[in-house]
Amino acid sequence: MAEVQWIKLTTNMFDDEKIRLIQAMPESDAIIVIWVRLLTLAGKTNDSGQIYMAESMPYSDEMLATLFNKPVNTIRLAINTLESFGMVEVLKDGVIFVNNWEKHQNVDGLEKIKIDNNNRQKKFMLRNKLKKLGINPDSKMVPNEDLDKLEEFVEKVSQETNVRLTLPNALEEKREEEKRKEEEKKTSLHDDNNSSRNQSAAFFYENNGFGTIAPHIKDQMNGIYDDFMQIGATESDINQLIIKALSLSVEQNVRRWAYAERILINWCNSGYKSVSDVEANETRKNPDTNMKNQKGGSAYERYDI
């Protein structure tokens, strides 16, 4: 709120019966001085008789004691006394309110000061906004004399500036949106391809005791596809290789993708491009030795992971 430089005190202030009753009390002089000091604070706050340092920050008894150079107990005595006579009221949020403020003060004059100060602040902010928009606020074309016209002028300039700035931004945003859609389209096609190429392998995975295929396992399967395609394998052959590796995992009773993945990596490193390559080149163990070393083993070597 706007601060004012004066308040109104009547010459017959000490003829008021409340003041005369206070004068008969202990610490009367201190109470009356505190009353006047509170009136001056209410004038500085200039908010219809409310007294506070800032919004949501009322004065505490200790703060008033420091400002008025009085003991805290004297401050509390004075406020309690003034409140008992209905001269002030302490609100729930701690703000002190001077009752009948309009009776004691020139409210119209204080309101005019408040309005003038608000208008000056508003004009200051509008002129600063013009500076930010690249216009000299002291230019002859700026209507500084009339606040309403100044506000309209600033609004018009702001709109024109926004149009100049928004158009290229809108074009840039449109290009970015088109680029984003194109990337999404490519990603969608890639996902569709990945989904179709490992569909039968995923079906085998989920129907042979490996559980539901997780997203990260799908990604690892796609990585296997990419590795085999780099050595010239077709998608159909890669799909059969994955199923073959999963079948070996089932035979070894190790239903884990990591086990099948290790088999596939070894095959890829060996240059196998199809199940036929695996069956033709994979080292087979002697069935009798295999029965001794691996219960329930297959013709393929067991892979450690």
Side-chain angles (χ1 to χ4, degrees), residues 1-129 132 137 144-148 150-151 154-155:
M1 292 297 172
E3 182 179 330
V4 299
Q5 301 300 319
W6 54 268
I7 59 172
K8 182 177 71 174
L9 296 174
T10 61
T11 57
N12 61 350
M13 169 183 173
F14 291 96
D15 293 331
D16 184 269
E17 62 179 12
K18 293 179 181 179
I19 296 296
R20 294 177 64 184
L21 289 171
I22 290 173
Q23 285 181 310
M25 300 173 63
E27 299 284 348
S28 60
D29 291 343
I31 295 173
I32 292 173
V33 169
I34 291 171
W35 164 241
V36 176
R37 296 292 299 268
L38 289 174
L39 290 177
T40 60
L41 277 183
K44 287 183 178 181
T45 307
N46 195 9
D47 189 9
S48 304
Q50 295 188 83
I51 301 172
Y52 50 79
M53 176 176 287
E55 292 186 16
S56 74
M57 185 184 294
Y59 287 106
S60 66
D61 294 342
E62 291 76 13
M63 294 165 69
L64 292 175
T66 300
L67 292 175
F68 297 168
N69 195 25
K70 299 289 184 184
V72 175
N73 289 337
T74 303
I75 295 293
R76 291 170 180 164
L77 172 65
I79 291 176
N80 289 336
T81 301
L82 296 172
E83 193 169 19
S84 67
F85 279 104
M87 300 166 71
V88 300
E89 180 181 353
V90 180
L91 305 180
K92 290 183 179 180
D93 57 1
V95 172
I96 300 173
F97 177 73
V98 177
N99 291 322
N100 300 319
W101 176 249
E102 67 281 357
K103 173 183 175 182
H104 299 292
Q105 307 306 321
N106 182 4
V107 176
D108 292 338
L110 295 177
E111 187 64 24
K112 184 177 183 303
I113 292 174
K114 185 196 300 185
I115 293 173
D116 289 344
N117 284 343
N118 287 340
N119 287 342
R120 278 194 294 271
Q121 185 177 9
K122 189 174 184 179
K123 184 177 180 180
F124 175 78
M125 293 174 66
L126 290 171
R127 285 169 59 85
N128 273 345
K129 190 172 183 178
K132 293 179 180 179
N144 285 300
E145 297 78 12
D146 190 314
L147 183 60
D148 291 334
L150 177 60
E151 190 170 9
V154 173
E155 181 65 23

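Here the structure is a predicted model, which is why all the values come from computation and not from measurement.
- Closest non-hydrogen pair, A65 versus P71, comes out as CB-C, 4.2 Å.
- Partners of N69 under the side chain to side chain donor-acceptor pair (under 3.5 Å) rule, at least two apart in sequence or in another chain, do not exist in this structure.
- Every pair tested for salt bridge (Lys or Arg N to Asp or Glu O under 4.0 Å) that includes a residue from residues 31-41 fails, sequence neighbours excluded, so the list is empty.
- Closest of all the heavy-atom pairs between G86 and N99 is O-ND2, 2.9 Å.
- The local environment of CG in D15 is crowded, with over 12 non-hydrogen atoms from other residues, nucleotides or ligands closer than 6.0 Å.
- Checked by atom type and distance alone, the side chain of D93 never pairs as donor or acceptor with a backbone atom of S56 at under 3.5 Å.
- The local environment of CD in E62 is crowded, with over 12 non-hydrogen atoms from other residues, nucleotides or ligands closer than 6.0 Å.
- L126 and V154 get closest at one heavy-atom pair: O-CG2, 3.9 Å.
- Scanning all heavy atoms of the two residues, the minimum distance from S84 to T81 falls at OG-O, 2.6 Å.
- For D61, the salt bridge (charged side-chain N to carboxylate O under 4.0 Å, His left out) test picks out R76, with sequence neighbours left out.
- The local environment of CD in Q121 is sparse, with at most 12 non-hydrogen atoms from other residues, nucleotides or ligands closer than 6.0 Å.
- Considering only residues two or more places apart in sequence or on other chains, R127 meets the salt bridge (charged side-chain N to carboxylate O under 4.0 Å, His left out) condition with D138.
- Between N73 and E27, every side-chain heavy-atom pair lies at or beyond the 4.5 Å cut-off.
- Under the 4.5 Å side-chain criterion, counting only non-hydrogen atoms from C-beta, M13 is in contact with V36.
- Separating the CD1 atom in I22 from the CZ atom in F85 is a distance of 5.0 Å, to the nearest 0.5 Å.
- Remark: the backbone N or O of N144 is paired with a side-chain donor or acceptor of K123 at under 3.5 angstrom.
- When all heavy atoms of Y52 and Y59 are compared, the closest pair comes out as C-CE1, 3.4 Å.
- In terms of the salt bridge (charged side-chain N to carboxylate O under 4.0 Å, His left out) criterion, K18 has no residue partners (sequence neighbours excluded).
- Every salt bridge (charged side-chain N to carboxylate O under 4.0 Å, His left out) that E151 has, sequence neighbours left out, goes to K122.
- D47 CG to F97 CZ: the interatomic distance, rounded to the nearest 0.5 Å, is 9.5 Å.
- The CZ atom of F68 sits 11.0 Å away from the CE atom of M63 when rounded to the nearest 0.5 Å.
- Closest approach of T45 and I51 over heavy atoms only: OG1-CA, 4.0 Å.
- The line from OG1 of T40 to CH2 of W35 is 11.0 Å long, rounded to the nearest 0.5 Å.
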Apply side-chain contact (heavy atoms from CB on, under 4.5 Å) to the pair I19 and M87, showing each step before the final yes or no.
CA-CA 10 Å; I19 296 296; M87 300 166 71; 4.0 Å; yes
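- The environment of M57 atom CE is sparse: at most 12 non-hydrogen atoms of other residues, nucleotides or ligands sit within 6.0 angstrom.
- Each of I34, L41, T74, V72 was evaluated against L64; a single residue qualifies, L41, per the side chain to side chain contact (heavy atoms under 4.5 Å, CB included) test.
- To the nearest 0.5 Å, atoms CD1 (I31) and CG (L82) are separated by 7.0 Å.
- Between atom CD1 of residue I75 and atom CG of residue N80 there is a gap of 11.0 Å, rounded to the nearest 0.5 Å.
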